[in-house]
Amino acid sequence: MSQDRGSFGRLGFVLAAAGSAIGLGNIWKFPYMTYDNQGGSFVLVYLLAVIIVGLPIMMAEIVIGRSTNKSPVSAFLQLHHPAFSIIGWLGVVTGFVILSYYSVVAGWTVHYFIKGVYWSVQGFTSAEAATLGDQFGAFISNPSAQIGYHALFMGFSVMVVIFGVKGGIERLTKILMPVLLLILLSLVIVSMWSEGFTEAMGFLFRPSKISPDSLLEAVGHAFFTLSLGMGAIITYGSYMTKKESIPRSAAMVCLMDTLIALMACVVMFSLIYSVPAVEREQFSSSIGVMFTTLPKLFYGLPGGIFLAPLFYILVAFAALTSTISLLEVVVAFFIDQLNWHRVYATLVMGLTIFAFGILSALSLGALTGLSAWQPLGDKSKGVFDTLDYLASNWFLPVGGILIAIFVGWVLPKVFSRKEVEKGHGSFHLHGLWIFLLRFVAPAAIGWIVYSVIFLGKSYN
Ligand code: PFF
């Protein structure tokens, strides 16, 4: 007997999918990518990538999920295209892999939230400020701290997913998403009074030089940040009711994700531009910027004692609504495909992913063998970096291109039109949408894959 899969209530899909999309990619990755790529034009290209590649693929994923009410592997089987269920298999592997290392970084935000509370109560001394880099280095190479926080974050994720779609995922995202928006909004308002605000806005929105590499990075990031290419949105789409409009929901998710990313940039750049130019040098694409530079900047601001812990709890919340979607992809596979009970599937897979993630947790300095492992030559260093490289450069783009080809070329147009029009009414842009899926998205993603294979580039 198969169990009730559950479904989202009103706004449930939009909030859960936005929760999945909004995460470390928005608050941690996007600002430093924008900084490295000179601001203005990069932001513009990124916005374009979201509209012409991200949005059409998001709609395609929802169509596959909602029309079948199945998680990815079962969905393609039900649509009588077993060959394409490779997308589902790839998605489960990708969800497993991304979650295993994403949860490690998510754990850091919990640690820094606790540290932030401590600093705010005890005082953030200049000695603390001077040793932030060393403290971070010691933290990420401390095996028990790394495994402990990773375990804690996996534990939180398991506790949500175990309660199912409505009682767990929807309930949590309905609380956390408004809280997240409120915290970020208050940070934006405070940053408006900082010295660097005007310069930050200029950096973000004034056209700047752009290289072909930045274009590729923008498209690649659009995938990661919108949670596309690995079946997370197919899975959430399978819980969406027929009353909801697919184009409107997808547009809302893309809009919210972009707004949050831009707001995070406004906050960070206002902080960065409030310090003298020489100190700004430290802000580059390094893994630890959020932990080594930001505290110093926060505590230099009036009200910093509130802002710093608030900021880290915001990032932790954003990460949690993403980790639950990654775990859900894996769990839904075992429920749909092998008929496992949700509680059992969540516990077993949560534990397995945690165990696998220990390799990443120990590869940031704790164990030399894991930290120096370079199976792909100089493309990546250590388990953590290698898994991120593989997921961002290979798994997500390949999954994305297959999804675009499937809905663009293989799925009959009458079928996709009928599904999109349920809960929406007549959809005048159907032709344009299919055109983007057939030609634009595969060309853009194909370009990424080509440059990764033949030009040796990487975009993580
Ligand atoms: N979109 C998330 C972020 O920007 O942090 C990361 C992510 C979550 C990717 C879920 C893929 C996914 F399925």
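Order of appearance sets the numbers: ligands from 1, and atoms from 1 within every ligand. Position 1 is the first residue of the sequence, and the numbers go up from there.
- Residue W28 places every heavy atom at 4.0 Å or more from ligand 1.
- The atoms of ligand 1 that sit less than 4.0 Å from any heavy atom of M230 are 11 (C), 12 (C), 13 (F).
- Salt bridge present: R342 and E328 bring a charged side-chain N and a carboxylate O closer than 4.0 Å.
- Counting only N and O atoms by type, the side chains of S238 and R5 include a donor and acceptor under 3.5 Å apart.
- Of the candidates G231, A21, S227, A232, it is S227 that places a heavy atom closest to atom 8 (C) of ligand 1.
- In the candidate list Y102, F224, F395, Y102 is nearest to atom 5 (O) of ligand 1, counting heavy atoms.
- Here L326 has side-chain heavy atoms under 4.0 Å from ligand 1, and that is the only part of it that gets that close.
- The aromatic rings of W409 and F439 sit perpendicular to each other, their planes meeting at more than 60°, with 30° as the lower class boundary.
- Under a 4.0 Å criterion applied to the non-hydrogen atoms of L24, ligand 1 contributes the atoms 5 (O).
- By the neighbour-count criterion of 12 heavy atoms within 6.0 Å, atom CE of M263 is densely surrounded, having more than that number from other residues, nucleotides or ligands.
- Under a 4.0 Å criterion applied to the non-hydrogen atoms of S325, ligand 1 contributes the atoms 10 (C).
- Here the closest non-hydrogen pair linking G88 and P72 is CA-CB, 3.4 Å.
- No part of K29 comes within 4.0 Å of ligand 1, judged by heavy-atom distances.
- For ligand 1, the atoms closer than 4.0 angstrom to any heavy atom of S20 are 1 (N), 2 (C), 8 (C), 10 (C).
- For K422, the NZ atom counts as densely surrounded, since its 6.0 Å shell holds more than 12 non-hydrogen atoms of other residues, nucleotides or ligands.
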- Between F96 and F356, is a ring-ring contact (aromatic ring centres under 6.0 Å, His included) present by the stated rule, with each step listed? CA-CA 9 Å; F96 187 103; F356 185 68; 5.5 Å; yes
